[in-house]
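Below is one structure, written out as structure tokens; comments come after it.
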Amino acid sequence: MKILVTGGAGFIGSAVIRRAIADGHKVVNVDVLTYAACLDNIASVSDAPGYAFEQADIRDAEAMAAVLAKHQPDTIMHLAAESHVDRSIDGPAAFIDTNITGTYVLLEAARAYWMAQGKPEGFRFHHISTDEVFGSLGATGFFTEDSPYQPNSPYSASKAGSDHLVRAWAETYGLPIVLTNCSNNYGPFQFPEKLIPVVILKALSGQPIPIYGKGDNIRDWLHVEDHAEALLLVLEKGELGRSYNIGGENEMTNLDLVRMLCAVLDRLKPGEAPYADLITFVTDRPGHDARYAIDPTRIREELNWRPSHTPETGLEQTVQWYLDNEDWWKALQARAGVGERLGVSK
């Protein structure tokens, strides 16, 4: 199968590409290469005979039509997105433009291509989204595929809008789609402005490790390699028109997560004092959702999928990867805004 992947130089997109190539698929990577993209993420497969790269913007209708006509993929996986909540608080326009307008442009290009190809039975448009579109949970309960949309940040609102567009194009135009909403991802190649790499890199440099508020916000952590496996499974075997929630089944507070990371660092690269001594509580972000948790029953029962990484194995592997790949993350730390406190506007 030839898969067109948007955002393939990003964190999750590159994991999908590495897994797809390993599984024997051909891949066309479409990425405009924003600040968060890194072609080193897919260096291990860039010379594979089934891999091709196109630097193009999903907001550019002519470019998308040309890429589809040139490569004639069997299916599309749409991962390209602005995804950092703090950046969306400071500059929401880019999130509306890329996540909503970009998805619209890509949907129209995909629809025209699908129709020109004679509406092939195997074609599908797989839209990859987030559990943040469902808002915030209380102390109990889980997000299901039927949870109401209640986004609370500009980022999650823009992703909710893109989800609705994808559903509308399926209902109105018959475009064959599948949709997935995932919990918080972590693992190798994650851009160093997200929580887990921030903790690792702040600790290694001896700087204060910032935790928003009291650190009691709860997230369900999903290893990116598990996520990539699940996404490709949904692409191939998911029911058309259906959505699937993908979770790591690993709920923990931010404070517990940071303490666990510090303990791993204490084992793998001991410092003069325990890394947990660097933990510092800082002003919370505006509209910070209290808890995310996914009920993965549908993907487990229909597609027989469960995550394979536990927090213990996944975090240790992730910390070791950052220790082993200093050249990769040091180059990215020089990019605009990385390492700065963002998302404090009100």
Side-chain angles (χ1 to χ4, degrees), residues 12 78-79 81-89 92 95-104 106-107 124-185 212-213 216-222 227 230-231 234 238-254 284-303 305 307 343:
I12 302 174
H78 177 35
L79 294 102
E82 293 285 349
S83 67
H84 190 42
V85 174
D86 287 357
R87 285 184 184 259
S88 82
I89 294 170
F95 289 73
I96 304 305
D97 195 24
T98 296
N99 298 351
I100 296 180
T101 302
T103 297
Y104 156 72
L106 186 63
L107 281 166
R124 57 182 56 189
F125 184 105
H126 181 181
H127 179 63
I128 289 82
S129 189
T130 171
D131 61 357
E132 296 186 44
V133 299
F134 302 126
S136 184
L137 289 166
T140 61
F142 297 89
F143 295 135
T144 72
E145 290 80 2
D146 298 320
S147 293
Y149 276 52
Q150 296 179 324
N152 292 317
S153 71
Y155 161 62
S156 57
S158 69
K159 288 298 291 184
S162 67
D163 289 8
H164 293 321
L165 287 174
V166 172
R167 294 178 188 277
W169 259 242
E171 290 296 322
T172 301
Y173 302 113
L175 186 70
I177 66 101
V178 286
L179 193 150
T180 50
N181 297 83
C182 69
S183 60
N184 282 49
N185 278 226
Y212 291 170
D216 54 1
N217 302 79
I218 295 173
R219 299 294 182 260
D220 172 14
W221 291 96
L222 171 66
H227 189 197
L231 291 176
V234 171
E239 182 180 332
L240 284 180
R242 204 149 169 80
S243 66
Y244 295 87
N245 282 357
I246 304 172
E249 300 182 49
N250 292 319
E251 275 189 76
M252 66 180 77
T253 68
N254 286 348
D284 207 352
R285 80 161 51 124
H288 197 175
D289 291 335
R291 174 173 169 258
Y292 303 148
I294 276 182
D295 177 354
T297 300
R298 177 176 291 179
I299 192 170
R300 183 172 63 240
E301 293 186 351
E302 294 187 11
L303 302 181
W305 180 86

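Predicted model, so just to flag it, every value in this text is computed and none were measured. The first residue of the sequence shown is numbered 1, and numbering continues consecutively from there.
- Glu249 is listed as a side-chain neighbour of Pro307, based on a closest heavy-atom distance under 4.5 Å.
- Annotation: Glu302, atom CD; neighbour count of heavy atoms from other residues, nucleotides and ligands within 6.0 Å is above 12.
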* When you look at His78 and Val166, which way does the side-chain contact (heavy atoms from CB on, under 4.5 Å) test go after all the steps? -> CA-CA 10 Å; His78 177 35; Val166 172; 5.7 Å; no
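- Screening Val85, Asn152, Asn217 for a side chain to side chain contact (heavy atoms under 4.5 Å, CB included) involving Asp289 leaves a single residue, Asn152.
- Here the shortest heavy-atom pairing between Ser158 and Ile96 reads CB-CD1, 4.1 Å.
- Counting only heavy atoms from C-beta outward, the side chains of Ile100 and Leu165 approach each other to under 4.5 Å.
- One distance of note links OH of Tyr212 with CG of Asn254; it measures 10.0 Å at 0.5 Å rounding.
- With a 4.5 Å cut-off on side-chain heavy atoms, Leu79 and Leu231 count as touching.
- Put simply, the side chain of Trp221 does not reach to within 4.5 Å of the side chain of Ser183, judged on heavy atoms.
- When all heavy atoms are compared, the tightest approach of Ala81 to Lys159 is CB-NZ, 4.0 Å.
- Between Asp86 and Arg285, the shortest heavy-atom contact is OD1-NE, 2.8 Å.
- Between Thr253 and Ile218 the shortest side-chain heavy-atom distance falls below 4.5 Å.
- Of the inter-residue distances, the one linking Ser83 atom OG with Glu132 atom CD reads 9.0 Å to the nearest 0.5 angstrom.
- Using a distance-only test at 3.5 Å, with no hydrogens or angles considered, a donor-acceptor pair links the side chain of Asp220 to the main chain of Asn250.
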* May I have the step-by-step check of side-chain contact (heavy atoms from CB on, under 4.5 Å) for Asn245 and Asp131, ending in yes or no? => CA-CA 8 Å; Asn245 282 357; Asp131 61 357; over 6 Å; no
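- Rounding to the nearest 0.5 Å gives a distance of 11.5 Å between CZ of Arg124 and CG of Leu175.
- The heavy-atom pair separating Arg219 from Ala290 by the smallest distance is NH1-O, 3.6 Å.
- The closest side-chain donor-acceptor pair between Thr297 and Asp295 falls under 3.5 angstrom.
- The shortest heavy-atom contact between Ile299 and Ala230 is CD1-CB, 4.1 Å.
- Between Arg291 and Glu251 there is a salt bridge, with a side-chain nitrogen of the basic residue lying less than 4.0 Å from a carboxylate oxygen of the acidic one.
- In this pair, His164 and Tyr149 present their aromatic rings tilted. The plane angle is within the 30 to 60° band.
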* To do: Would you please test Trp305 and Val234 for side-chain contact (heavy atoms from CB on, under 4.5 Å) and show each step?
  => CA-CA 10 Å; Trp305 180 86; Val234 171; over 6 Å; no
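- Separation of atoms OH (Tyr155) and OG1 (Thr130) is listed at 4.0 Å; rounding is to 0.5 Å.
- Note that CZ of Phe95 is 10.5 Å distant from OG of Ser156, once rounded to the nearest 0.5 Å.
- When each of Asp163, Thr103, Thr180 is checked for a side chain to side chain donor-acceptor pair (under 3.5 Å) with His127, only Asp163 meets the rule.
- Proximity of a side-chain donor or acceptor of Asn99 to a complementary backbone N or O of Glu82 within less than 3.5 Å is detected.
- Ring orientation note: the planes of Phe134 and Phe143 are tilted relative to one another, at an angle of 30° to 60°.
- Once rounded to the nearest 0.5 Å, the distance linking SG of Cys182 with CD1 of Ile128 reads 9.0 Å.
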